[in-house]
Number of protein chains: 2
Amino acid sequence: MSTTLTEENYLKAIYHISQQSKSEVSTNAIAERIDAKASSVTDMLKKLADKSLITYVKYKGVTLTETGRLTAVDIIRKHRLWEVFLVEKLNFSWDEVHDVAEQLEHIKSPKLIAEIDAFLGFPTQDPHGDPIPDKFGNIQQTNKIILSKADVGQVYTCVGVLDSSSEFLKYLDKHQIGIGTELKVVDKEEFDQSLTIEIASNSLVMSKAITTNIYVKKI
Amino acid sequence: MSTTLTEENYLKAIYHISQQSKSEVSTNAIAERIDAKASSVTDMLKKLADKSLITYVKYKGVTLTETGRLTAVDIIRKHRLWEVFLVEKLNFSWDEVHDVAEQLEHIKSPKLIAEIDAFLGFPTQDPHGDPIPDKFGNIQQTNKIILSKADVGQVYTCVGVLDSSSEFLKYLDKHQIGIGTELKVVDKEEFDQSLTIEIASNSLVMSKAITTNIYVKKI
DNA sequence: CTAAATTTTTAGGCTAATCTAAAATTATAT
DNA sequence: ATATAATTTTAGATTAGCCTAAAAATTTAG
Ligand SMILES: [Mn+2]
Ligand SMILES: [Mn+2]
Ligand SMILES: [Mn+2]
Ligand SMILES: [Mn+2]
């Protein structure tokens, strides 16, 4: 059975929320993410349940069925492959790709995405460091940690971002931080949780709002 | 003002029909092309007229306004650039590209299409020999003729097709005919208008149904 | 353990895009 | 010139996706 663009966006939202919370996904959480009213979400949840893409129990929240999960992951795969394409082949910067990928991810053509994948040399990560699911829906997870929980005195590599908004990515660009950049945590201010970071011999103070949006890995 | 996918498809249909007939475009002609009922077309025509994309007089048919024409040509530009991309970069054959391009042509991102254009080296023709409008909406027309009107004894180059359906293109593939192929019109059977064609020293009889769908140019 | 707050669902309505059936208009053929 | 045929438009429904307001269910606080 085929899915509409709107249904696909709901499945993706449910998938992403479930990645964070691990439990049933609530109507309100979906409404917030989709930017729709809870009543609209309820309507759609009934439809998705009818299509066996989610299991839905009134007042109790939803979980993706295996079919629903595979559908969501396939959309995410397409989104991330398109983002790589835009950056690698079309001179887009990492803060420009998301909105276009939101449109491109809904293009229906298995051959297209298989060829794009090959054309890009089967990339495993998107421009924001997020893993690209393989065509079977398997996702390779790396053992990254959030910068705010890093140890003082330790050196890390930036491996991803939590917030992929243009505004945040431009902040990182300004301070020459990207995927692969080495960061040394020099000091932590306990009062506001801000970190002093050393990047290529330059010192930079990052507020908690910043450090909770950067993924790093011990070198 | 932004256009919906459906509105864009109507504008494209009106544009293509007006290319053939040169006069006002009728409701029924649009209905047939869009594969919708005439009443649905009437509804949409009112909407497009409200948006000043067409001039519409009840019972008299429609014409595109300058804005409408530019919108239609921009969609066609995107369609044809995507077709080139699919063939040149992603190993699609010319009979596989149309349906995917029908989806891709509606992606809204000026940067994306500008970059694709540059990435492809600013092509002027799509895989079916159709001209690619430039970013200002100008279309370079070539002086092609339809093969059925060609002269016996004359040699031609295939420069395009009228029917881009997968079925017709596969027929051409089977007989090793493509854009650039040399064809010599050896004979014409007056009874059924069929032509005997010589291609690379092989002889082939083409019915009128075939010859009215191939564009050629005198060598 | 109840009362208040919060969350979720239901009820009813709206718009875009489609449809069928019937009415209105225009074209065609004696 | 008029009757018939064809085309086009109107009228009234339907479906997807969204909304607001109110009701119902669940959670939280005292
Ligand atoms: Mn993205
Ligand atoms: Mn991304
Ligand atoms: Mn095409
Ligand atoms: Mn084409």
Side-chain angles (χ1 to χ4, degrees), chain A residues 1-14 17-18 20-64 68 71-72 75 102-103 105-106 108, chain B residues 1-14 17-18 20-64 68 71-72 75 102-103 105-106 108:
Chain A
M1 202 183 304
S2 73
T3 46
T4 67
L5 183 148
T6 309
E7 288 168 354
E8 288 176 357
N9 282 338
Y10 270 88
L11 291 174
K12 220 174 27 139
I14 294 165
I17 296 164
S18 71
Q20 284 164 2
S21 62
K22 298 291 175 194
S23 64
E24 318 291 297
V25 173
S26 74
T27 302
N28 263 4
I30 299 166
E32 192 181 345
R33 190 163 182 119
I34 294 274
D35 196 26
K37 293 297 141 84
S39 53
S40 303
V41 174
T42 300
D43 285 349
M44 180 57 81
L45 295 183
K46 288 173 183 166
K47 222 179 116 192
L48 294 173
D50 282 350
K51 287 191 165 188
S52 301
L53 293 165
I54 60 172
T55 54
Y56 170 46
V57 182
K58 275 207 292 194
Y59 294 103
K60 297 300 179 188
V62 301
T63 48
L64 292 171
T71 306
I75 305 296
E102 286 289 308
Q103 299 179 63
E105 71 188 6
H106 302 289
K108 284 169 175 64
Chain B
M1 205 184 303
S2 73
T3 47
T4 67
L5 183 147
T6 309
E7 288 167 354
E8 289 176 356
N9 283 338
Y10 271 88
L11 292 174
K12 219 173 30 139
I14 295 165
I17 296 163
S18 70
Q20 285 163 0
S21 61
K22 298 292 174 196
S23 63
E24 317 293 295
V25 173
S26 75
T27 301
N28 263 4
I30 299 166
E32 193 180 343
R33 189 161 182 120
I34 294 274
D35 195 28
K37 294 295 142 82
S39 52
S40 304
V41 174
T42 300
D43 285 349
M44 180 56 82
L45 295 183
K46 288 173 184 166
K47 221 180 119 190
L48 294 173
D50 283 349
K51 286 190 166 190
S52 300
L53 294 165
I54 60 172
T55 54
Y56 170 47
V57 182
K58 275 207 291 193
Y59 292 103
K60 297 299 179 189
V62 301
T63 48
L64 292 172
T71 306
I75 305 295
E102 285 290 309
Q103 299 179 63
E105 71 188 7
H106 301 290
K108 286 170 175 64

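In what follows, every heavy atom counts, from backbone to side chain, and hydrogens, waters and symmetry copies are set aside.
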> When the distance from CD of E24(A) to P of dT27(D) is rounded to whole Å, what number comes out?
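One finds 12 Å between P of dT27(D) and CD of E24(A), rounded.
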> By side chain to side chain contact (heavy atoms under 4.5 Å, CB included), which residues pair with S18(B), not counting sequence neighbours?
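With neighbours one apart ignored, the set is V25(B).
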> Just distance, no hydrogens or angles: give the donor-acceptor pairs under 3.5 Å from side chains in residues 34-46 of chain A, sequence neighbours left out.
unit_1: T42(A); atom_1: OG1; unit_2: A38(A); atom_2: O; d: 3.1

> Kindly write out the residues that satisfy salt bridge (charged side-chain N to carboxylate O under 4.0 Å, His left out) with E102(B), not counting sequence neighbours, or none if the list is empty.
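Once residues adjacent in sequence are excluded, the partners of E102(B) under the salt bridge (charged side-chain N to carboxylate O under 4.0 Å, His left out) criterion are K12(B).
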> Can you list everything that forms a side chain to side chain donor-acceptor pair (under 3.5 Å) with T6(B)? Sequence neighbours excluded, please.
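Counting only residues at least two positions away or on another chain, T6(B) forms no side chain to side chain donor-acceptor pair (under 3.5 Å).
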> Among all residues two or more places apart in sequence or in another chain, which pass the side chain to side chain donor-acceptor pair (under 3.5 Å) test with Q103(A)?
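Per chain and number, Q103(A) pairs via side chain to side chain donor-acceptor pair (under 3.5 Å) with no residue.
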> Who are the side chain to side chain donor-acceptor pair (under 3.5 Å) partners of T3(B), not counting sequence neighbours?
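Counting only residues at least two positions away or on another chain, T3(B) forms a side chain to side chain donor-acceptor pair (under 3.5 Å) with E8(B).
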> Just by protein heavy atoms under 4.0 Å, how would nucleotides 5-10 of chain C read 5' to 3' in B, S and -?
--SBBB
> With heavy-atom distances below 4.5 Å as the criterion, would you say the side chains of I54(B) and I14(B) are in contact?
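Yes, close enough: below the 4.5 Å cut-off.
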> Taking NZ from K37(A) and P from dA21(D), how many angstroms apart are they, rounded to a whole number?
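The answer, rounded to whole Å, is 9 Å.
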> Applying side-chain hydrogen bond (donor to acceptor under 3.5 Å, both in side chains), which residue pairs with at least one partner in residues 50-62 of chain A are found, sequence neighbours left out?
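Pairs touching residues 50-62 of chain A that pass the test: E7(A)-K51(A), T55(A)-T63(A).
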> I need the residues from residues 6-14 of chain A with at least one non-hydrogen atom less than 4.0 Å from DNA chain D; give them sorted by number, or say none.
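Result for residues 6-14 of chain A: T6(A), Y10(A), sorted by number.
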